[in-house]
Amino acid sequence: RHYEALHHARTALDAALRAGFDIVEEPLPREALRRFEELFYVDHRGVTSLAHCDGEPFMTLRAERIAEAMEALYPM
């Protein structure tokens with residue numbers, strides 16, 4: 001399972017770079033999540049965008065671009 005999580009993380013990072021995003025890795029406390037415009041995660045199902053966090057609405061634009069870049073990396 002640990003290998004799967006690392007694989008998903010690396011795939012998401014590679015796709016984000018291909019989609020033109022800068023990557024910054026740093027600790028992220030829970031209370032900082034509200035400052036972001038968008039939150040998403042990547043697992044074996046693909047990219048899942050979160051609609052809300054603590055009642056705050058979020059967008060899905062970046063998650064869609066990363067999903068498209070992942071599809072380009074691994075066409076079906």
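Interatomic distance, Thr11 OG1 to Ile66 CD1, rounded to the nearest 0.5 Å: 12.0 Å. Between Thr48 atom OG1 and Asp43 atom CG the span is 5.5 Å, to the nearest 0.5 Å.
Remark: Arg10 engages Asp14 in a salt bridge, criterion side-chain N to carboxylate O under 4.0 Å.
Residue Ala69 comes nearest to Ala15 through the heavy atom pair CB-O, 3.4 Å, listed as atom of the first residue, atom of the second, then distance.
By the rule that hydrophobic residues join a cluster once side-chain heavy atoms approach within less than 4.5 Å of another member, Leu50 and Leu33 end up as members of one cluster. Linking ILVMFWY residues whenever their side-chain heavy atoms come closer than 4.5 Å, directly or via other members, leaves Leu13 and Val42 in distinct clusters.
A cation-pi arrangement is found for Arg65 relative to Phe21, the charged atom lying closer than 6.0 Å to the ring centre and inside a 45° cone about the ring normal.
For Glu38 (side chain) and Ser49 (main-chain N/O), no donor-acceptor pair under 3.5 Å exists by modelled atom type.
With sequence neighbours left out, the side-chain contact (heavy atoms from CB on, under 4.5 Å) criterion links Ala67 to Val47. For Phe36, the side-chain contact (heavy atoms from CB on, under 4.5 Å) test picks out Leu28, Leu39, Phe58, with sequence neighbours left out.
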